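Please read all numbers here as calculations on a predicted model, not as lab measurements.
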Amino acid sequence: QLVESGGGLVQPGGSLRLSCAGSGFTLAYYQIGWVRQAPGKEREGVSYIRVWGGSTYYTDSVKGRFTISGDNAKNTVYLQMNSLQPEDTAVYYCAATPYSSSWPPAEFPYWGQGTQVTVSS
């Protein structure tokens, strides 16, 4: 089970940190992704990480603003989001695919329940 937390309402230019905790799931054995879906839009892959190995990926619109990281001891992956803009408003999902899958991952068989991020003044 993947459990997200850390979403909320923030003003433009603000920051949030999302957490994805694995329950019965050792995240180091997977590629972990943050995928977002805004109202009326398709899901968009935001950032991915191979916690064991350290490979990371960011979509162009978040490069330089978002940072993905993993903590094996806490079995948790984080997404630090800075300089948030209204266009970042979406439900953010944590997702996982086996470590051996292609990189960057094209699809995820395992999903969390999502956490809402709203950027508004």
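- Note: Q116 CD to E4 CD = 12.0 Å, rounded to the nearest 0.5 Å.
- Between P86 and S120, the closest side-chain pair of non-hydrogen atoms is not below 4.5 Å.
- Remark: R17 qualifies as a cation-pi partner of Y78 under the 6.0 Å distance and 45° angle criteria applied to the six-membered ring.
- Under a hydrophobic-cluster definition in which Ile, Leu, Val, Met, Phe, Trp and Tyr are linked whenever side-chain heavy atoms come within less than 4.5 Å, directly or via other members, Y110 and I32 are assigned to the same cluster.
- Annotation: Y99 is in aromatic contact with W52 [ring centroid separation under 6.0 Å].
- There is a path of hydrophobic side-chain contacts, each under 4.5 Å, that joins L84 to L18.
- T97 and P105 get closest at one heavy-atom pair: CG2-CB, 3.8 Å.
- Remark: Q31 CD to S102 OG distance equals 7.0 Å, nearest 0.5 Å.
- A continuous path of ILVMFWY side-chain contacts below 4.5 Å connects L2 to I68, so both sit in one hydrophobic cluster.
- For E107, the CD atom counts as loosely surrounded, since its 6.0 Å shell holds 12 or fewer non-hydrogen atoms of other residues, nucleotides or ligands.
- Ring to ring, Y48 and F108 are close: their centroids are under 6.0 angstrom apart.
- A heavy-atom distance below 4.5 Å is found between the side chains of L79 and S47.
- Side chains of V117 and L16 form a contact here, defined as non-hydrogen atoms less than 4.5 Å apart.
- Between atom OG of residue S55 and atom CD1 of residue I49 there is a gap of 8.5 Å, rounded to the nearest 0.5 Å.
- Residues Y58 and F66 keep their aromatic ring centres 6.0 Å or farther apart.
- In the model, D71 has no side-chain atom that pairs as donor or acceptor with a side-chain atom of T76 under 3.5 Å.
- Side chains of Q37 and Y92 form no contact here, defined as non-hydrogen atoms less than 4.5 Å apart.
- For N82 (side chain) and S15 (main-chain N/O), no donor-acceptor pair under 3.5 Å exists by modelled atom type.
- Using a 4.5 Å cut-off between side-chain heavy atoms of Ile, Leu, Val, Met, Phe, Trp and Tyr, with links allowed through other members, V51 and F25 fall into the same hydrophobic cluster.
- Panel note: side chain N75, backbone A21; no donor-acceptor pair is recorded below 3.5 Å.
- Proximity of P109 to P98: side-chain heavy atoms (C-beta onward) are separated by under 4.5 Å at one or more points.
- Rounding to the nearest 0.5 Å gives a distance of 9.5 Å between OG of S121 and CG of L9.
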For Y93 and R36, run side-chain contact (heavy atoms from CB on, under 4.5 Å): C-alpha distance rounded to whole Å, both residues' side-chain angles, the deciding distance at 0.1 Å, then the answer.
CA-CA 6 Å; Y93 297 90; R36 66 187 179 187; over 6 Å; no
Might you work through the side-chain contact (heavy atoms from CB on, under 4.5 Å) test for E44 and T59, ending with a clear yes or no?
CA-CA 9 Å; E44 175 191 21; T59 194; 4.0 Å; yes
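- Figure legend: cation-pi geometry between R43 and W111, with NZ or CZ positioned under 6.0 Å from the six-membered ring centre and within 45° of its axis.
- The cluster map of Ile, Leu, Val, Met, Phe, Trp and Tyr, joined by side-chain heavy atoms under 4.5 Å apart, puts M81 and V10 in the same cluster.
- Judged purely by atom type and a 3.5 angstrom limit, D88 uses its side chain to pair as donor or acceptor with the backbone of Q85.
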